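What you see is a predicted model, and the numbers here were worked out from it, not measured in a lab.
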Amino acid sequence: MYMMKCSQGGNFSKGELQRFGNIELNPSAGVLNYGQGLFEGLKAYRKEDSNILLFRPEENALRMRQGAERMCMPAPTVDQFVEAVKETVLANKRWVPPPGKGSLYIRPLLMGSGAVLGLAPAPEYTFLIYVSPVGNYFKEGVAPINLIVEHELHRATPGGTGGVKTIGNYAAVLKAQSAAKAKGYSDVLYLDCVHKKYLEEVSSCNIFVVKLDIGPTFLHSPTLGNLVPFVQQGNVISTPAIKGTILPGITRKSIIDVARSQGIQVEERFVPVDELLDADEVFCTGTAVVVSPVGSITYKGKRVSYGVDGFGAVAQQLYSVLTRLQMGLIDDKMNWTVELS
């Protein structure tokens with residue numbers, strides 16, 4: 001794992017790799033007492049030529065810096081962040097799964113590690129990166145998720161920290177998520193806390209709503225060796241706008257860019273929950289799953305289903321393009337990947 005430290009008001013200096021293991025913290029560390037911490041998540045993929053690809057690591061670096069400003073923490077520069085990720089991945093390259101068999105999940109952490117008993121920014125900060133191999137999210141075919149809309153508990157509030165990847169955001173969703181899973185749902189879809197009618201996000205994913213103008217056609221793909229949906233122009237994808245309560249997901253941003261490059265109209269706006277009732281497709285995006293089709297959404301006792309099984313045409317097209325780009329199977333015309341050898 002990689003570790004780098006700095007004092008409050010200072011700058012991070014070059015860190016070092018050390019064997020993965022437990023870390024020591026003072027009981028009054030800022031991260032333990034006041035939640036002064038952020039994390040990121042990204043992946044490394046092994047190509048057919050055994051080289052390794054990172055996907056948009058500079059975006060994670062920028063998001064961490066934005067979060068650090070909100071949480072009164074110093075942060076590594078973009079270059080420091082990216083170089084630390086590279087060093088950590090190369091030191092763990094034997095753990096990157098073979099092509100098509102999974103990826104290496106990379107978890108950067110930034111935390112107030114210094115001792116502070118009174119409520120104040122910690123006097124010292126630690127930037128740490130560790131990794132773990134992960135298998136493909138969909139092991140035996142695509143499993144659409146079933147969501148329930150939560151209208152009493154809320155994930156974030158205007159002026160709060162919902163728009164940054166701070167650690168406390170995730171503990172706050174566990175109560176609603178646990179209750180949903182106990183009832184057989186996959187996860188929770190949150191509404192805004194002011195009007196209680198606009199979509200925000202799932203516990204750890206962004207959400208997209210699709211309205212088809214004309215039905216999809218299917219073309220034979222020499223690369224994939226089977227029929228793949230080709231989504232025609234005229235379809236519209238809507239997703240909640242980034243307004244401070246929604247995490248600006250990097251997969252979300254990438255899917256929007258890919259969709260627009262495919263001629264699909266994307267609207268970032270307030271999306272009323274009622275639009276779920278006549279949507280043709282709904283899907284979620286995130287680092288772990290990339291794109292996850294939604295099979296059903298339940299709102300105030302009413303269940304709305306989408307499709308029969310697996311991906312809808314739009315989600316399938318976007319998932320195919322983005323994952324093939326991440327794995328180096330198609331040319332990276334977006335300049336999003338960073339290759340390591």
Could I get the full list of salt bridge (charged side-chain N to carboxylate O under 4.0 Å, His left out) partners for Glu150, not counting sequence neighbours?
none
Please list, chain by chain and in numerical order, all residues satisfying salt bridge (charged side-chain N to carboxylate O under 4.0 Å, His left out) with Lys243, sequence neighbours excluded.
Glu200
Which ILVMFWY residues are connected to Leu174, directly or by a chain of links, through side-chain heavy atoms under 4.5 Å apart?
none
Any salt bridge linking Glu16 with Lys5? Criterion: basic side-chain nitrogen under 4.0 Å from a carboxylate oxygen.
no
Between Asn146 and Ser296, does a side chain to side chain donor-acceptor pair (under 3.5 Å) hold up when you go through it step by step?
CA-CA 5 Å; Asn146 299 301; Ser296 73; 2.7 Å; yes
side-chain hydrogen bond (donor to acceptor under 3.5 Å, both in side chains): which pairs involve residues 278-290, sequence neighbours left out?
none
I'd like to check Ile167 versus Val31 (side-chain heavy atoms, cut-off strictly below 4.5 Å). Are they in contact?
yes
Taking salt bridge (charged side-chain N to carboxylate O under 4.0 Å, His left out) as the definition, give me every residue that meets it alongside Lys253, ordered by chain and number, with sequence neighbours left out.
Glu59
Apply side-chain contact (heavy atoms from CB on, under 4.5 Å) to residues Leu322 and Val290 and explain how you reach the verdict.
CA-CA 8 Å; Leu322 188 57; Val290 185; 3.8 Å; yes
Only one of Phe208, Phe311, Phe283 passes ring-ring contact (aromatic ring centres under 6.0 Å, His included) with Tyr319; say which it is.
Phe311
Residues clustered with Tyr198, ILVMFWY side-chain links under 4.5 angstrom
Phe270
Is the side chain of Arg63 donor-acceptor paired with the backbone N or O of Val164 at a distance under 3.5 Å, no angle test?
no
Counting distance only, does the side-chain N/O of Tyr125 pair as donor-acceptor with the main-chain N or O of Ala122 below 3.5 Å?
yes
Residue pairs, two or more places apart or on separate chains, that pass side-chain hydrogen bond (donor to acceptor under 3.5 Å, both in side chains) and touch residues 167-183:
Thr161-Asn169, Lys165-Tyr170, Gln177-Asp187
Looking at residues at least two apart in the chain, or sitting in another chain, which of them share a ring pair (Phe, Tyr, Trp, His ring centres under 6.0 Å) with Tyr190?
none
Determine, using the 4.5 Å side-chain heavy-atom cutoff (strictly less than), whether Met1 and Leu90 are members of one ILVMFWY cluster.
no
State yes or no: do Tyr45 and Val134 share one hydrophobic cluster built from I, L, V, M, F, W and Y residues joined by side-chain heavy-atom distances below 4.5 Å, directly or via other members?
no
Any residue meeting salt bridge (charged side-chain N to carboxylate O under 4.0 Å, His left out) with Lys86, in chain and number order, not counting sequence neighbours
Glu83
Got a sec, which hydrophobics cluster with Val294, joining ILVMFWY side chains under 4.5 Å apart, including via others?
Ile145, Leu147, Val149, Leu189, Leu191, Leu199, Val202, Ile207, Val209, Val271, Val273, Leu276, Leu277, Val282, Ile297, Tyr299, Val304, Tyr306
Among residues at least two apart in sequence or on other chains, which ones pass ring pair (Phe, Tyr, Trp, His ring centres under 6.0 Å) with Phe81?
Phe127
Electrostatic pair Asp49-Lys47, nearest N-O below 4.0 angstrom
yes
Are the charged groups of Glu275 and Arg269 less than 4.0 angstrom apart, N to O?
yes
Criterion side-chain contact (heavy atoms from CB on, under 4.5 Å) on Ile237 and Leu318, from CA distance to verdict
CA-CA 11 Å; Ile237 300 175; Leu318 298 176; 3.8 Å; yes
May I ask you to check whether over 12 heavy atoms, not counting those of Asp332, lie within 6.0 Å of atom CG?
yes
Co-members of Ile242 in a cluster of I, L, V, M, F, W and Y side chains, linked at under 4.5 Å
Ile246
Decide, yes or no, whether a salt bridge links Glu201 with Arg155 under the criterion of side-chain N to carboxylate O below 4.0 Å.
yes
Going through the checks in order, is the side chain to side chain donor-acceptor pair (under 3.5 Å) test met by Glu124 and Ser113?
CA-CA 6 Å; Glu124 180 192 73; Ser113 51; 3.3 Å; yes
Under 4.5 Å between side-chain heavy atoms, hopping through other hydrophobics if needed: is there a path connecting Leu54 to Tyr105?
no
Going hydrophobic residue to hydrophobic residue with side-chain gaps under 4.5 angstrom, can you get from Leu17 over to Ile52?
yes
For Leu128, which of Thr88, Leu110, Ile23 qualifies under side chain to side chain contact (heavy atoms under 4.5 Å, CB included)?
Ile23
